[in-house]
Amino acid sequence: MHFNYSLVAGALSILQYLPKAVTASVSNTTWDYIVVGGGASGIPLADKLSESGKTVLLLERGFASSYRWGGKLRPQWLEGSNLTRFDVPALYQYILENPADAAAANILCSDYVATASCVLGGGTAINAGLWWKPGSADWDTIMPIGWNSADMRAATEEVFARLPGTDIPSSDGKLYLQKGAEILKKALTSAEPPYEFQKANDSPDAKDGTVSNAEHFFMHGERGGVMETFLVSASKRANFKLQLETTVTRVIRQGKQITGVEVETPEGSGTINVTPNTGKVILSAGVFGTSKILFRSGIGPKDQLSLLKASPDGVNMVVEAEWIDLAVGHNLDDNPSIYGIIIALDVETYDYVGAFNTPVPEDAAKYLANRSGPLAQIEPPLNPFWWDIVTGTDGIARAIQWSAISGQLNDTTGMVLTASLGRGKTSRGRLGLSLDPSTPLTINVTQVPYFNDATGADFAAVVSSLENVLKIARAIPNATIVLPPEGQDVAEYLRADFPPSMALNSNHWVGSTKMRRRCGKGVVVDGETRVCGVEGLHVVDAGIVGGVPAANPQAVFVAVAVRAGEKILKLDGGHEW
Ligand SMILES: Cc1cc2nc3c(=O)[nH]c(=O)nc-3n(C[C@H](O)[C@H](O)[C@H](O)COP(=O)(O)OP(=O)(O)OC[C@H]3O[C@@H](n4cnc5c(N)ncnc54)[C@H](O)[C@@H]3O)c2cc1C
Ligand SMILES: *[C@@H]1O[C@H](CO)[C@@H](O)[C@H](O)[C@H]1NC(C)=O
Ligand SMILES: *[C@@H]1O[C@H](CO)[C@@H](O)[C@H](O)[C@H]1NC(C)=O
Ligand SMILES: *[C@@H]1O[C@H](CO)[C@@H](O)[C@H](O)[C@H]1NC(C)=O
Ligand SMILES: *[C@@H]1O[C@H](CO)[C@@H](O)[C@H](O)[C@H]1NC(C)=O
Ligand SMILES: *[C@@H]1O[C@H](CO)[C@@H](O)[C@H](O)[C@H]1NC(C)=O
Ligand SMILES: *[C@@H]1O[C@H](CO)[C@@H](O)[C@H](O)[C@H]1NC(C)=O
């Protein structure tokens, strides 16, 4: 909270860039592993590493979110319960509708242009909790040798055994507000050819012509997720420590050897060291956070390091002779999301935003007493999900995920159907430092990864899937198509209304620290997650996943973290896995 480089509020002070006397050691303990970032990846990684008995310090920049970890933030109606705003699934929507409030409360990271969470749990503390078991084609398409489906099977099963998730979030076993979802499921399963209804996590490979209810990592009507599973088991071990409100600014290295991290805490700044020679720092700060730490540590492309050197923070960088030239920030990927079809239809509405401060009294009572009812679900009913595979003229099969929400339109009720292009897409973008001198430490998406592929096959896949779904929507009894406009060519409509821009982003950023089996051109980490050209530094987060999977990605990151933990322990002489 203390270290808020909030540029939005114009709070930038030059003082924070002055060279600091980083002499004080904030801790005299050294650690076998320092994991930086307590999010979707850092939490399961720290848990796995701590299973070995080696000492593990998990550093998280944000404050406690869930009540379980000391979280305090909550609306009045949760007073007296063991819940915060982060624990109640339905309160998710409020963050999206009130980003300024979430930024002011330091929930969102104010130093990235994209939306990301900077509290304990990272994205898992604030996201929609969608939790899809990755299929074989996901691993085989987006991961390098050593991380394919056969390699990932055990880690994936381990993750889903510990955190199975649910397609019925409410504890009474009922789904609420499903009128729109039922109409759509009926339309999809009776279309020609019909979509097949499946429970997606029972058949993770079925992502072509299938429809499923939403799957979430929620538990007993609460958010649950990695904070209620992997963090609980890690915290029971004496060799594990979680330290909150601690921002890692850079890694410290002597030449190529990492010795520790430089941190800023509410008590001041200093260093925390790893065990000499054998200790390791693992960056799990998310695509933006990890890239920022790497840049500030003199690791990254020359253009970014030069930009930083010329900024007020440049005085804190290692000398240019020690810079390590790696393609950090390239190969960025994310799903473009297209809210392309709007249908006016008689469906239920629910005020999920109003529910933050003034929930419907009966629904609040039901939730508080039994963790049941609409407040155990997220946002206006977000259901169902369905998938198409479209093979392009380039021969590549692309997955399109569709989702639907029901609720109030302008002057009627209806549903918004969203297409999200995933696995197989070939467009890529880039992240880097802001070029604006007034925001020198802000990480930006400098090139969006949408519809810039050479053949245009990414765009063609969306057009084809949208035409198919539009045909199905038109056949729904009593439905009126609001968008696309009647008679307009679908491709023209998409080009005009959904041009490539940040407005299409899905918050599913991956790929910015490219992993390959061996180091080489364009590669940032090797197949053992080691940063190329550095000793004792790893990256384990969404950045090492090479592209977006077929469905919302976070289970991929959790399974990758578990597998990475096994690989790192093995490098350090642990037993064979
Ligand atoms: C609004 C929203 C909704 C989403 N919905 C879904 C969904 O329903 N399903 C799904 O699969 N995915 C969803 N996602 C995406 C998913 O949450 C992210 O892809 C995932 O959390 C990324 O995992 P990560 O471990 O790479 O990073 P994160 O989970 O972002 O974790 C990074 C952690 O590092 C910390 N950190 C950053 N910098 C530092 C530093 N310098 N020092 C110390 N700590 C630091 C951060 O505070 C954070 O806790 C959503 C994302 C958003 C933003
Ligand atoms: C670390 O050790 C030094 C020297 O013994 C001591 O002065 C300092 O107070 C210690 N710091 C902490 C945080 O314990
Ligand atoms: C709140 O208490 C219930 C009942 O004991 C428990 O199941 C749940 O995990 C707790 N939740 C949090 C966030 O502490
Ligand atoms: C909670 O569940 C119990 C048992 O089913 C029921 O009797 C009670 O009315 C419920 N409480 C609320 C507030 O819905
Ligand atoms: C709702 O109204 C706004 C403002 O008039 C308009 O821009 C938008 O297209 C309308 N949306 C729908 C779904 O009709
Ligand atoms: C981020 O990058 C985009 C595209 O290059 C640019 O238009 C925008 O101004 C940048 N924002 C900041 C804050 O640097
Ligand atoms: C369509 O609307 C008419 C008139 O309101 C109604 O009688 C009919 O039942 C509706 N059909 C369906 C399938 O909802």
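We count ligands from 1, going down the list as the structure has it; atoms in each ligand are counted the same way. Since we're looking at a predicted model, the values are computed, not measured.
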Give me the residue, atom name and distance of the protein heavy atom closest to [atom].
{"atom": "atom 31 (O) of ligand 1", "value": "Gly39 CA, 3.3 Å"}
{"atom": "atom 41 (N) of ligand 1", "value": "Val248 O, 2.9 Å"}
{"atom": "atom 47 (O) of ligand 1", "value": "Glu60 OE2, 2.6 Å"}
{"atom": "atom 18 (C) of ligand 1", "value": "Phe557 CE1, 4.1 Å"}
{"atom": "atom 23 (O) of ligand 1", "value": "Ala40 CB, 3.4 Å"}
{"atom": "atom 38 (N) of ligand 1", "value": "Ala285 CB, 3.5 Å"}
{"atom": "atom 2 (C) of ligand 1", "value": "Asn507 ND2, 3.7 Å"}
{"atom": "atom 25 (O) of ligand 1", "value": "Ser41 OG, 2.7 Å"}

Return each pair, listed once, that meets side chain to side chain donor-acceptor pair (under 3.5 Å) where at least one residue sits in residues 72-83; pairs must be two or more places apart or across chains. Asn82-Arg371
Examine [X] against ligand 1 and note whether any of their N/O atoms are separated by less than 3.5 Å.
{"X": "Gly122", "value": "yes"}
{"X": "Trp509", "value": "no"}
{"X": "Pro553", "value": "yes"}
{"X": "Ser506", "value": "no"}
{"X": "Val287", "value": "no"}
{"X": "Ile293", "value": "no"}
{"X": "Leu130", "value": "yes"}
{"X": "Gly123", "value": "yes"}
{"X": "Arg61", "value": "yes"}
{"X": "Asn127", "value": "yes"}

Check the angle between the aromatic planes of Phe288 and Tyr112 and answer parallel, tilted or perpendicular using the 30° and 60° thresholds.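 The rings of Phe288 and Tyr112 sit tilted, inter-plane angle from 30° to 60°.
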Aromatic plane relationship, Trp387 with Trp132 - under 30° parallel, 30 to 60° tilted, over 60° perpendicular: perpendicular
Relative to the heavy atoms of [X], which atoms of ligand 1 are at a distance of less than 4.0 Å?
{"X": "Gly37", "result": "33 (C), 34 (O), 35 (C), 44 (N)"}
{"X": "Thr115", "result": "53 (C)"}
{"X": "Gly286", "result": "26 (O), 27 (O), 32 (C)"}
{"X": "Asn552", "result": "9 (N), 10 (C), 11 (O)"}
{"X": "Ala542", "result": "26 (O)"}

Checking His216, Gln554, His508 against Asn127 for side chain to side chain donor-acceptor pair (under 3.5 Å), the one that qualifies is Gln554
Honestly, is Arg162 close enough over Phe230, meaning NZ or CZ under 6.0 Å from the six-membered ring centre and within 45° of the axis? yes
Any salt bridge between [X] and [Y], counting N to O under 4.0 Å?
{"X": "Asp333", "Y": "Arg428", "value": "yes"}
{"X": "Arg250", "Y": "Asp313", "value": "yes"}
{"X": "Arg61", "Y": "Glu264", "value": "no"}
{"X": "Glu157", "Y": "Lys133", "value": "yes"}

Proximity of [X] to ligand 1 by residue part, where a heavy atom lies under 4.0 Å:
{"X": "Ser117", "value": "backbone"}
{"X": "Val510", "value": "neither"}
{"X": "Ala561", "value": "neither"}

Please confirm whether [X] comes under 4.0 Å of ligand 1, counting heavy atoms of the residue only.
{"X": "Leu120", "result": "no"}
{"X": "Phe63", "result": "no"}
{"X": "Val119", "result": "yes"}

Lys366 versus ligand 4: do any nitrogen or oxygen atoms come within less than 3.5 Å of each other?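 Such a contact does not occur with ligand 4.
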Compare every heavy atom of [Y] with every heavy atom of [X], then report the nearest pair and how far apart it is.
{"X": "Leu433", "Y": "Gln304", "value": "N-OE1, 2.7 Å"}
{"X": "Ile43", "Y": "Leu231", "value": "CG2-N, 3.6 Å"}
{"X": "Ala128", "Y": "Phe218", "value": "O-CZ, 3.5 Å"}

Check the side chains of Ser203 and Gln198 for a donor-acceptor pair under 3.5 angstrom, ignoring hydrogens and angles. yes
Taking atom types as modelled, find out whether Asn335 and Ser337 have a side-chain donor-acceptor pair closer than 3.5 angstrom.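 Side chains of Asn335 and Ser337: no pair found under 3.5 Å.
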Show the atoms of ligand 4 that are less than 4.0 angstrom away from any heavy atom in Ala369.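 It comes down to these atoms of ligand 4: 11 (N), 13 (C).
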Near Ala365, which atoms of ligand 4 are under 4.0 Å from a heavy atom of that residue? 13 (C)
Given Val281, which partner from the list Ile252, Val274, Thr259 fulfils the side-chain contact (heavy atoms from CB on, under 4.5 Å) test? Val274
Inventory of protein N or O atoms under 3.5 Å from ligand 3 N or O:
unit_1: ligand 3; atom_1: 2 (O); unit_2: Asn82; atom_2: ND2; d: 2.2
unit_1: ligand 3; atom_1: 9 (O); unit_2: Arg68; atom_2: NH2; d: 2.7
unit_1: ligand 3; atom_1: 11 (N); unit_2: Asn82; atom_2: ND2; d: 3.1
unit_1: ligand 3; atom_1: 11 (N); unit_2: Glu222; atom_2: OE1; d: 2.8
unit_1: ligand 3; atom_1: 14 (O); unit_2: Asn82; atom_2: ND2; d: 3.3

Evaluate the side-chain proximity of Tyr450 to Ser427: yes if any heavy-atom separation is below 4.5 Å, no if none is. no
